[in-house]
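Heavy-atom basis, side chains included; hydrogens, waters and symmetry copies ignored. Proteins get letters first, then strands, A, B, ... in listed order; numbering begins at 1 in each. This is a predicted model, so every value here is computed, not measured.
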Amino acid sequence: MDEDRGARLRRLRWHCRRALLELDLMFLRYWQRVGDDVDAATEAALERLLEMEDHDLWELVSGRQETGDPQLKGVLDSLRQA
Amino acid sequence: MKVTKRTFDAVIVGAGGAGLRAALQLAESGLKTAVITKVFPTRSHTVAAQGGVAASLGNSEEDHWHWHMYDTVKGSDWLGDQDSIEFMCRKANEVVIELEHYGMPFDRTDAGKIYQRPFGGHMSNFGEKPVRRSCAAADRTGHAMLHALYQRNVRANTQFFVEWMALDLIRDAEGEVLGVTALEMETGEIVAFQSKATIFATGGAGRIYYSSTNAFINTGDGLGMAARAGIPLEDMEFWQFHPTGVAGAGVLITEGVRGEGGILRNSAGERFMERYAPNAKDLASRDVVSRAMTTEINEGRGCGPHKDFVLLDITHLDPKVIMQRLPGIREISIQFAGADPIKEPIPVVPTAHYQMGGIPTNYHGQVVAPRGNSMSVAVPGFYAAGECACASVHGANRLGTNSLLDLLVFGKSAGETAVEDVKKSTKAHKALPQEAIDRTLARLARLDTQKDGADAHQTRLTLQRTMQNHCGVFRFADKLKEGVTKILEVQQDVQRVAIKDKSKVFNTARIEAIELENLIEVAVSTMISAEARKESRGAHVRDDAPDTAEHPNGRDDDNWLKHSLWFKEGNRLDYKSVKLTPLTVDTIELKKRAY
Ligand SMILES: Cc1cc2nc3c(=O)[nH]c(=O)nc-3n(C[C@H](O)[C@H](O)[C@H](O)COP(=O)(O)OP(=O)(O)OC[C@H]3O[C@@H](n4cnc5c(N)ncnc54)[C@H](O)[C@@H]3O)c2cc1C
């Protein structure tokens with residue numbers, strides 16, 4: 001893995017430190033499952049999710065709210081699977 | 001080695017409610033103000049607070065700050081300082097209305113005033129009957145508060161250093177605090193922040209426990225930094241446990257679930273709360289329920305393969321009630337317990353929730369420490385507020401909704417005091433002592449060069465399990481003694497933790513190892529202070545200090561009506577008296593704490 005990509009992934013992981021324990025736990029399991037196996041599209045989708053406010057994000061992650069965006073949906077599904 | 005230096009009038013570490021409230025005071029008074037935060041401000045843990053903030057506005061029915069003060073002193077089991085408590089309760093209306101003016105979207109009455117809800121422990125007329133005192137913004141009170149404060153800070157030109165990790169306090173030989181060292185995550189660069197006023201608002205340290213409702217960021221960094229700089233930590237034995245965290249995950253299941261008819265059951269399916277609290281049953285106070293659950297588990301009536309949790313049963317409720325009145329509970333239970341609560345009960349355990357102790361301060365927000373003949377002398381240049389500080393308004397147990405109030409009142413007051421001090425001082429910034437900076441650099445260099453070291457993840461787990469098993473809800477003399485030995489062993493491991501990844505940019509392994517060095521200070525101070533306090537009081541309940549006629553609830557005022565102070569150096573304990581004299585009213589006299 002090139003250095004930039006390594007740094008980008010570490011940065012993403014840090015952005016998974018959230019205000020809500022619920023989200024911390026979901027992301028912890030997610031990273032344990034996927035490791036570094038994240039393609040560019042997933043990376044972009046994750047970045048968008050992580051820009052969201054925590055309560056809104058939890059609504060999506062927990063499935064209380066749905067998204068019509070197929071790219072986000074893919075990541076949300078795999079978050080829930082983890 | 002030389003490091004880059006940045007100079008400000010004031011530096012605040014932490015951008016939760018306390019940090020942002022303090023920063024606002026400084027920035028709006030025209031001082032050059034920096035806020036350092038390891039996560040984006042609105043990812044701070046304050047966002048998780050839902051219940052509300054207490055203020056005796058009296059919008060829904062008659063209320064008075066003096067009644068609020070009485071409830072807080074009683075809640076604290078008389079360990080709270082009555083001067084600070086009076087100060088906080090009197091200031092509550094002012095700081096809440098200020099927030100309203102900053103644009104916080106509080107729930108409203110039909111008449112357009114802030115709507116107030118009932119909350120456990122809020123009473124009118126000195127404990128007579130429940131009163132509606134909690135102000136909320138739907139179920140996003142903390143979130144709304146933080147957003148209002150953040151916007152206001154942006155307007156006031158507060159300078160934010162986001163994703164910067166503060167490492168150590170810079171304190172000179174005279175004991176004056178001159179700033180902090182910090183690490184920029186993006187570059188790995190170490191910078192010395194020089195300031196005339198340094199305010200800590202780093203939040204709690206709930207992650208010292210294996211089972212905690214706190215998010216991962218709550219690692220007690222401010223407490224670790226203060227302890228390493230020779231500042232004692234006050235009343236660290238007092239931790240509030242919430243009875244219903246999801247077993248194995250910690251995520252909080254609100255009290256509302258029992259309010260709607262949820263029942264706690266042991267492995268035999270028995271509704272055991274009937275034995276412990278025949279009247280209130282499952283709705284008894286947090287500490288009574290937590291202790292009953294722990295007793296069931298300790299006596300072998302827990303559930304699951306390890307008999308280490310009990311069950312919260314709502315299967316008898318109409319699924320419609322669950323979906324409408326307890327939104328989100330089903331998702332939490334399915335995600336974190338693998339149980340759909342409509343069909344099967346939720347596994348729960350008492351879970352660490354709030355840290356009552358912290359960095360000792362007075363009600364001006366100044367950090368105080370023993371010096372000469374006095375136990376509480378202000379440390380020049382150093383202030384603290386919020387969950388990392390101990391003012392001490394929560395004493396041995398916190399009243400729900402009083403911590404959001406604490407961070408507003410003492411955030412503001414720390415800010416005001418700092419403004420006064422900075423404006424008064426005519427001197428230039430003092431030179432930074434190179435030794436203090438070198439100590440930080442040596443700590444980081446040790447991490448990078450450690451050979452055959454301990455694994456950070458494993459060491460943190462051992463730390464958390466040790467705290468959970470030896471210093472939990474219910475405390476036993478022999479377990480505490482053993483706990484002290486064990487946690488000091490963990491401390492040895494922390495001192496030889498190694499990291500494999502030596503990269504500069506966003507090195508999360510390094511950051512987590514640094515957090516671990518802070519967690520251990522909190523854990524050691526908690527265990528040692530708890531072992532030493534031989535009475536039961538508030539949230540500190542010892543098996544060998546039971547409820548007797550001579551010592552109701554096991555509280556021993558003759559010997560233990562005093563604050564603990566733990567010093568890192570030599571793990572020494574000292575004690576200071578509780579301030580029983582309020583500012584203007586009469587002392588609220590000692591009484592048995594009963595609800
Ligand atoms: C689930 C839950 C619900 C709650 N509900 C309520 C409620 O309804 N009412 C109530 O009154 N209380 C409630 N509480 C308690 C209350 O939320 C907290 O006590 C309070 O929000 C703490 O605020 P703070 O400003 O002190 O710290 P935080 O909001 O935790 O902020 C700490 C800040 O410090 C920063 N920081 C920490 N270490 C470093 C470092 N080394 N370098 C740089 N920055 C650092 C972080 O980035 C963060 O910005 C609740 C707590 C929990 C866990």
Side-chain angles (χ1 to χ4, degrees), chain A residues 1-38 43 46-67 73 75-82, chain B residues 16 38-50 138-140 142-144 146-147 163 165 185-188 203 206-207 212-219 245-246 248-252 323 327-336 351 501 503-512 515:
Chain A
M1 193 166 39
D2 66 71
E3 214 173 288
D4 282 359
R5 188 170 139 71
R8 276 208 318 275
L9 284 183
R10 289 196 303 272
R11 183 168 200 264
L12 258 189
R13 284 194 182 168
W14 184 253
H15 288 174
C16 293
R17 285 277 199 116
R18 311 301 291 193
L20 301 179
L21 176 62
E22 288 88 321
L23 290 169
D24 279 345
L25 291 168
M26 297 296 276
F27 284 116
L28 177 74
R29 291 181 196 170
Y30 175 79
W31 288 110
Q32 276 171 353
R33 201 170 58 101
V34 303
D36 290 334
D37 192 12
V38 178
E43 202 184 306
L46 268 172
E47 237 159 49
R48 280 172 56 209
L49 283 177
L50 292 170
E51 285 296 312
M52 292 177 66
E53 294 298 340
D54 281 288
H55 291 282
D56 299 333
L57 181 54
W58 173 242
E59 295 270 297
L60 283 184
V61 171
S62 68
R64 279 165 54 79
Q65 291 279 334
E66 289 295 331
T67 166
K73 205 165 172 315
V75 178
L76 287 167
D77 284 343
S78 74
L79 263 169
R80 281 194 289 260
Q81 261 170 36
Chain B
K38 61 180 178 176
V39 295
F40 190 77
T42 53
R43 309 267 185 278
S44 303
H45 201 44
T46 295
V47 165
Q50 303 189 335
D139 58 355
R140 295 192 179 183
H143 168 91
L146 213 52
H147 273 263
E163 292 170 346
M165 171 100 186
M185 295 185 193
E186 184 76 57
T187 60
R207 299 310 303 179
S212 167
T213 64
N214 286 199
F216 293 177
I217 31 178
N218 283 13
T219 54
V246 174
V251 178
L252 191 134
M323 308 297 278
I329 293 304
R330 187 166 178 225
E331 285 80 6
I332 286 177
S333 181
I334 292 174
Q335 275 306 335
F336 300 109
T351 299
D501 181 1
S503 58
K504 284 230 169 284
V505 180
F506 270 98
N507 185 332
T508 45
R510 178 176 293 133
I511 297 163
E512 284 173 7
E515 289 178 332

Which atoms of [X] come close to chain B, meaning under 4.5 Å heavy atom to heavy atom: side chain ones, backbone ones, both, or neither?
X       : answer
A/Leu28 : side chain
A/Leu79 : neither
A/Arg29 : side chain

[X] vs [Y] side-chain heavy atoms within contact, under 4.5 Å:
X        : Y        : answer
B/Gln335 : A/Glu22  : no
B/Ile332 : A/Trp58  : yes
B/Gln50  : A/His55  : yes
A/Arg11  : B/Met185 : no

Which one wins on heavy-atom pair count under 4.5 Å against chain B: A/Arg13, A/Met26, A/Glu59? A/Met26
Can a donor-acceptor pair be found, under 3.5 Å and without considering hydrogens, that links the side chain of B/His45 to the backbone of A/Leu21? no
By a 4.5 Å heavy-atom criterion (distance strictly below it), what part of B/Ile511 contacts chain A: side chain, backbone, both, or neither? side chain
Contact class of B/Asp501 relative to chain A, heavy atoms under 4.5 angstrom: side chain
Minimum heavy-atom separation for [X] to [Y], with atom names?
X       : Y        : answer
B/Ser44 : A/Ala19  : O-CB, 3.2 Å
A/Arg18 : B/Ala215 : O-CB, 3.4 Å
A/Asp24 : B/Phe216 : OD2-N, 2.6 Å

Report the residues that fulfil side-chain hydrogen bond (donor to acceptor under 3.5 Å, both in side chains) with B/Thr46, sequence neighbours left out, ordered by chain and then residue number. none
Can you list the residues that meet the side-chain hydrogen bond (donor to acceptor under 3.5 Å, both in side chains) rule with B/Arg43, with sequence neighbours excluded? none
To the nearest 0.5 Å, what is the distance between NE2 on B/His143 and CG on A/Asp56? 6.5 Å
Can you tell me how far the OG1 atom of B/Thr508 sits from the CG atom of A/Leu9, to the nearest 0.5 Å? 10.5 Å
Below 4.0 angstrom, N of the basic side chain to O of the carboxylate: do B/Arg140 and A/Glu53 qualify? no
Highest number of heavy-atom pairs under 4.5 Å with chain A among B/Thr213, B/Val251, B/Val246 belongs to B/Val251
I'd like to know which of B/Leu146, B/Val47, B/Asp139 tops the heavy-atom pair count under 4.5 Å against chain A. B/Val47
If the plane angle is over 60° it's perpendicular, under 30° parallel, otherwise tilted; pick one for A/His15 and B/Phe506. perpendicular
Can you confirm whether the side chains of A/Arg10 and B/Ser503 place a donor and an acceptor under 3.5 Å from each other? yes
